[in-house]
Number of protein chains: 2
Amino acid sequence: MPASPQDASQSRHDARHSPARDESLTIGLSAVIVAVTGDDPKVLVVRRHGGRDALPSGPLERGHRTLETGLRNWVERQTLQKLGHVEQLYTFGDRDRSETDGDHATRRLSVAYLALVREARPAGDAGTAGADAVWTSWYRFFPWEDWRDGRPAILDVLEPALRTWAAADARHATRRLERLSLNFGLGDEAEERTGWNDERTLERYELLYEAGLVAEGRRDRDSTPAVRHQMDTEMAVDHRRMLALAIARLRGKIKYRPVVFELMPPSFTLLQFQRTVEALSGVRLHKQNFRRLVEQQRLVEETGETSAETGGRPARLVRFRREVVLERPAPGVRLPMASSKR
Amino acid sequence: MPASPQDASQSRHDARHSPARDESLTIGLSAVIVAVTGDDPKVLVVRRHGGRDALPSGPLERGHRTLETGLRNWVERQTLQKLGHVEQLYTFGDRDRSETDGDHATRRLSVAYLALVREARPAGDAGTAGADAVWTSWYRFFPWEDWRDGRPAILDVLEPALRTWAAADARHATRRLERLSLNFGLGDEAEERTGWNDERTLERYELLYEAGLVAEGRRDRDSTPAVRHQMDTEMAVDHRRMLALAIARLRGKIKYRPVVFELMPPSFTLLQFQRTVEALSGVRLHKQNFRRLVEQQRLVEETGETSAETGGRPARLVRFRREVVLERPAPGVRLPMASSKR
DNA sequence: ACCCTTATGCTCAATTTTAGCATAATGGGG
DNA sequence: CCCCATTATGCTAAAATTGAGCATAAGGGT
């Protein structure tokens, strides 16, 4: 790899040096676009006839000043969605991402973004041939992440399978059990049950992947007998991993930054707000405490108006107080903890 | 890139599509390598004769399975440092990163990583011609971030300059003042002083950049009169931004993950530990409360041995309890809040 | 008017956090 | 050898935050 003369001195340590030019390299941008409608956290996925579901992805185009504007541009063009909050998630560049492109592996870099949109528009096609963008509950891809109605049934299948996997390899059994305990709250013995940590979505997915319990894990390195469970919905390449990361990030972030509001309509009731947070975090919250939290942090303010209803007494309509960003050091919805009650 | 028949349908929305090939594209990996010696948070920078300081950076080499192993490899080879914790920070891909490469801008993607190492080895050269890697306190690049000895003097220069900048543009004055208030704790009026938030390092740097108060900001778009302050040490391209991000991330992370231990020797006293946390976060902590926190979270355990000393009564030597990772949902050093006292 | 349902107000107790006070060990200097 | 400065630790009272519920308010429906 020849360096130009003036670069010669700035050798090794220099970023401007040694592009990976000799290797076939492509760069894509992928987006996890999230909206919440009613009780469901929705993500926009491209459903291909025949193929696996995928996240909307596009090329890195020239002409855009930043990666983010590039992303915003094509997403808004393609899906007709106006993006609110956008943040970069991670850059995936594993060699094996590429689906063996002949003999010499092409490295495929993919920069994943998380985007929040206020309303889940029909989305529909979007001018794409042979693929439709549809809003899908993210729990379709991660059924074990939804604890809102109690412990997800699918864990009755996954837990034993995970234990079996852990025990299968004598050398790593201890470490594996530790990880299970930490991430799935499978207290080994009388071990104090650590409980469910809603932010460990990615780690849990990776464990399931390693254990060969998700479709992608089986495909990529067809090991393990594999537990077929109806609800395990596969996605293209490493898109499910991106989604897992997005969920984890968002669940973490709502606790210290007022990003949830990017998902709410201009005015809403406190219960609607609570349901949205619950949808994202996958756990139930204690209603009165949730309200207390929101109000004393002054995250919202009255609109004066009052509800349209869902059942009982009319509820006040509130709106997000944008000023809070300036007041509290780290405003957000610090979840008042889970509650079994609805 | 010819798509195989079954891929033909996966047009637009697919990541595997439309690489940005027509645009000259290079990819580099940059590393913010952090160590703490005594009271100083150190970062490894490449000091070029004549040029600006830079972060160690290298090419994305083929042959490595993941970006992270690629990074680990060349860093360990080049700097002879054994990396502990490594995490991806961000991918920078702004068009204007490239230093005008003739007429058609080449896009330079740079994936930045944060790496923690236990000891700051002399590092010295590392087989590089014309550049030396040296450990430097990160406060050399961000003097306003060190509040350990009270309010940094440099703020007496920056604050007025920032206010002037904010007021200069009538249209954006309000928003700018809000940002100043939020990030620098410049309560506008009698406004309750929000206080200093140690994690807002990146936002503060960006404000200073926009205001033309850091060297890079002046160079890239030579605006504003610019306040020359001795301590403002410039770095190459957007390396100082990367460093700001690294600091912010690390400051945030130590609060909920036991990463600090990656920076500590095998055994240490509680005060040493506290000093390390203070070095990173840039604020003083209340000693007794810090200890209580550490102990009741059982982050450490006795070694049985006892200190070597720094002054008074000998201190117990403790070591990190690796098991904590499995017990607490999110172990870390939740800073017990700042204290003016030493 | 009575019942069901959701909205809100408030209270009480259990914990956690903030700020200090007080005592214990060591080394150095009169 | 005693006094002092210095750092290590142990403990505690007061304040603030959380976790759980009880009780009452308002609508809609029968």
Side-chain angles (χ1 to χ4, degrees), chain A residues 38-39 192 195-196 255-256 267-278 281 283-318 328-342, chain B residues 38-39 192 195 255-256 267-278 283-318 328-342:
Chain A
D39 283 0
E192 195 76 341
W196 184 259
K255 288 170 194 162
Y256 62 96
S267 81
F268 47 86
T269 70
L270 290 177
L271 186 58
Q272 276 173 37
F273 182 33
Q274 181 179 342
R275 292 291 179 240
T276 300
V277 173
E278 290 175 336
S281 65
V283 298
R284 286 285 161 208
L285 304 176
H286 183 284
K287 185 160 161 177
Q288 292 90 329
N289 290 345
F290 177 82
R291 303 162 138 274
R292 179 177 57 189
L293 186 80
V294 171
E295 305 212 305
Q296 83 182 16
Q297 293 212 143
R298 305 216 302 146
L299 291 175
V300 301
E301 64 190 1
E302 303 289 326
T303 61
E305 287 162 284
T306 163
S307 71
E309 257 63 64
T310 34
R313 169 177 172 176
R316 296 139 47 212
L317 281 172
V318 298
R328 305 219 117 235
V333 185
R334 308 205 305 306
L335 312 185
M337 102 272 82
S339 147
S340 47
K341 280 200 210 156
R342 298 200 59 152
Chain B
D39 283 0
E192 195 76 341
K255 289 169 193 162
Y256 63 95
S267 81
F268 46 88
T269 69
L270 290 177
L271 187 58
Q272 277 173 37
F273 183 33
Q274 182 180 341
R275 291 291 179 241
T276 299
V277 173
E278 290 174 336
V283 298
R284 286 287 162 205
L285 304 176
H286 182 286
K287 187 160 161 177
Q288 293 91 329
N289 291 345
F290 178 82
R291 305 163 135 274
R292 183 185 48 193
L293 186 80
V294 171
E295 305 211 306
Q296 81 183 18
Q297 292 211 142
R298 304 216 304 145
L299 291 175
V300 302
E301 64 190 0
E302 303 288 326
T303 61
E305 287 161 284
T306 163
S307 74
E309 256 61 65
T310 35
R313 167 175 173 178
R316 295 138 49 212
L317 281 172
V318 297
R328 306 219 117 234
V333 184
R334 308 208 303 306
L335 312 184
M337 102 274 81
S339 148
S340 47
K341 280 200 211 156
R342 297 201 57 152

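The sequence lines fix the lettering, A, B, ..., with proteins before strands; numbering per chain opens at 1.
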Nearest-neighbour nucleotide for the [X] side chain, [options] considered:
X: His286(A); options: dG21(D), dA7(C), dT9(D); value: dG21(D)
X: Arg291(A); options: dT8(C), dT6(C), dT11(C); value: dT8(C)
X: Arg316(B); options: dG9(C), dG10(D), dT17(C); value: dG10(D)

Please state how far atom [atom1] in [X] lies from atom [atom2] in [N], giving the value in whole angstrom units.
X: Arg284(B); N: dA19(C); atom1: CZ; atom2: P; answer: 17 Å
X: Phe290(B); N: dA19(C); atom1: CZ; atom2: C1'; answer: 17 Å
X: Gln296(A); N: dC10(C); atom1: CD; atom2: P; answer: 14 Å
X: Leu270(B); N: dA24(C); atom1: CG; atom2: P; answer: 20 Å
X: Glu295(B); N: dT16(C); atom1: CD; atom2: P; answer: 16 Å
X: Phe273(A); N: dT8(C); atom1: CZ; atom2: C1'; answer: 17 Å
X: Asn289(B); N: dC11(D); atom1: CG; atom2: C1'; answer: 12 Å
X: Leu293(B); N: dA19(C); atom1: CG; atom2: P; answer: 14 Å

Residue pair [X] / [Y], side-chain heavy-atom distance below 4.5 Å:
X: Gln297(A); Y: Arg292(A); value: no
X: Thr306(B); Y: Leu317(B); value: no
X: Val294(B); Y: Arg291(B); value: no
X: Phe268(B); Y: Thr276(B); value: no

**Report entry** Exam field: side chain Ser307(A) to backbone Pro314(A), donor-acceptor pair closer than 3.5 Å
**Finding:** no

Report task. Using only side-chain N and O atoms of Lys287(B), determine if any of them is under 4.0 Å from OP1 or OP2 of dT9(D). Result -> no

Query raised in the report: Considering all heavy atoms of both residues, which atom of Phe290(B) and which atom of Leu270(B) are nearest to each other, and what is their separation?
Result: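 Distance-wise, the nearest heavy atoms are CE2-O, 3.9 Å.
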
Query - Minimum heavy-atom distance between Gln274(A) and Leu285(A), given as atom pair plus value - result: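 Shortest heavy-atom separation between Gln274(A) and Leu285(A) comes out as NE2-O, 3.1 Å.
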
Requested in this report: Summarise how protein sits on nucleotides 23-28 of chain D as a single string, 5' to 3': B when a protein heavy atom is under 4.0 Å from the base, S for sugar-phosphate-only contact, - for no contact.
Outcome: --BBS-

